[in-house]
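Beneath this line is the structure, given in structure tokens, with notes to follow.
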There are 2 protein chains.
Amino acid sequence: MSTMTNSYDINEFKNPLFTVDSVLFTVKDDALKILMVKRANEPFIGSWGLPGGFVDVDSDTTTDVTALRKLEEKTSVAPQYLEQLQAFSGIDRDPRGFSVTLVYFALIAAQEVSSHIETIDDVQWIDIDKINSLSIAFDHKVIIEQAKERLQQKALYSMVPVYCLPEYFTVGQLKSVIETIIGKTIQRKSLIRRIESADMFETIDEKVKSGGRLAQQYKVKPGVDIVNFERNLST
Amino acid sequence: MSTMTNSYDINEFKNPLFTVDSVLFTVKDDALKILMVKRANEPFIGSWGLPGGFVDVDSDTTTDVTALRKLEEKTSVAPQYLEQLQAFSGIDRDPRGFSVTLVYFALIAAQEVSSHIETIDDVQWIDIDKINSLSIAFDHKVIIEQAKERLQQKALYSMVPVYCLPEYFTVGQLKSVIETIIGKTIQRKSLIRRIESADMFETIDEKVKSGGRLAQQYKVKPGVDIVNFERNLST
DNA sequence: TTATAAATGTGTCACAGCGACACTATGATA
DNA sequence: TATCATAGTGTCGCTGTGACACATTTATAA
């Protein structure tokens, strides 16, 4: 066989630097927060950055696994919701050269991880409104802004915000989480109509105190997908 | 300085194989078609694949540029609409090892490129319903399916389908394109209401024949963004 | 010249789902 | 037992889509 073949030599091209990062949201103390990590390495040592890193090509079967692995290193649990946000690329965004970061968008209940995170000093829940006043690595400010917009959009036409709540939750809790995410109030009645029509939730027999009348508890039916509604809530 | 620093050595990790591919849609002869390329190289030589390739880290400023460059090599023009779809990754999807492909989603008017493509024998518009009966490279069948679903969703709540039409178009043409994309009929009246409320289009003085009464022509106002409606058309 | 077909464009009613808001229900507390 | 706080319901109005009849304008053929 000739040495001139059509087969591709893996080292022929310079490959871009490829990383996976996640924007992990939660709602805690009536504020939208994201998980940030204080960087221990160059570049941007000492700044806050999104949790993430390189793919381990010997053990990660997909980039989803990379994202989950990196998040679990920081939170010790898996997020309740994970989806791809977008890739961000550029010749200037990393001083080491052309780089691509595939960014995931994740949700978790604050209760699931709070005690664990409080024991680590380089991992914190940071209020999304305080991001602009901090030193943030790479283009992560822009990434966070886009992730926030996506979350806000999704909150208007789907039930994703339930993944910021524990297994059992009430209408009041869900209403509060949605309002925190989108930054405006919604009608309790509209939310109840959606809960009933979505057919995503089951009621729990035991009710729970809430400062007034006992509240009905709900949980997500096992195995159901997120329902998308045909209309947005009021913009 | 010690040689033991925290700075990252770019060659320390095996980087995944990274490519950029595009699903370029058009509507032609009342059918939804995508641009496919007959592969001239291994792997999957001889099969049909999506147009794409490696980033040129010396000249591409972002992956968007890579996608546009690769599409222009095949069509000789830039698509009218381009957005990221999603990254697809895995240890098995490419025989050369762990690979990631960042997939873009693009739209163009058939008229813009048809004459150019007809002169090339390894680049073709392929009817999306015929994809399953062809030999398709990598996981591109799955990618195409997801791109199609995204396009169908977008057609229900936005005006993206206009980017499958030439600069000047009529309501009848837009209705036909939307119906081809979503695979069902819509109400002309609903479409006109949307055209009027979107404030994205301007009317053209000159009307055009269409087999009956002369039809009003529209064009996209320069510089406007796609409008998203708060409701979907009927599912 | 006139009738017909074909497509464009309009008028309008019904329906669904969200917003608004008054009203009822139930548990804690004084 | 009265009051407060939160949970939950009833219902009217509004908006945008679906449906469909009707009017308009052009080409074509009798």
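The sequence lines fix the lettering, A, B, ..., with proteins before strands; numbering per chain opens at 1. What you see is a predicted model, and the numbers here were worked out from it, not measured in a lab. When reading the values below, keep in mind they use all heavy atoms of this one structure, side chains included, and skip hydrogens, waters and symmetry mates.
Distance CD1 (Ile192(B)) to P (dG9(C)): 6 Å, rounded to an integer number of Å. The CZ-P distance, from Arg213(A) to dG8(D), rounds to 6 Å in whole Å. When the C1' atom of dT6(D) is taken as reference, atom CG of Leu174(A) falls 16 Å away, rounded to whole Å. Atom CZ of Arg188(B) and atom P of dT24(D) are 17 Å apart (whole Å). Put simply, OH on Tyr157(A) is 15 Å from P on dC18(C), counting in whole angstrom units. Per the geometry, CD belonging to Gln216(A) stands 15 Å off C1' belonging to dT6(D), to the nearest Å. Look at CG on Asn232(B): it is 12 Å from P on dC18(C), rounded to the nearest Å. Spacing between atom NZ of Lys184(A) and atom P of dA20(C) amounts to 11 Å, rounded to whole angstrom units.
Electrostatic pairing of Glu73(B) and Arg69(B) counts as a salt bridge here, judged by a charged N lying under 4.0 Å from a carboxylate O.
Distance alone, capped at 3.5 Å, is enough to place a donor-acceptor pair between the Thr26(A) side chain and the Ile108(A) backbone.
Residue-to-nucleotide proximity on DNA chain C shows that, of Gln173(B) and Arg231(B), the 5′-proximal contact is made by Gln173(B). Projected onto DNA chain C by closest heavy-atom contact, Val171(B) and Ile186(A) fall at different nucleotides, the more 5' of which corresponds to Val171(B).
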Return the polar atom pairs (N/O with N/O) between nucleotides 21-23 of chain C and the protein under 3.5 Å, or none.
none

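Taking side-chain N and O atoms only, Ser210(A) has no distance below 4.0 Å to OP1 or OP2 of dT6(D). Side-chain N/O atoms of Ser234(B) include one lying less than 4.0 angstrom from OP1 or OP2 on dG18(D).
Annotation: the span from Leu156(A) atom CG to Leu151(A) atom CG amounts to 9.5 Å, rounded to 0.5 Å.
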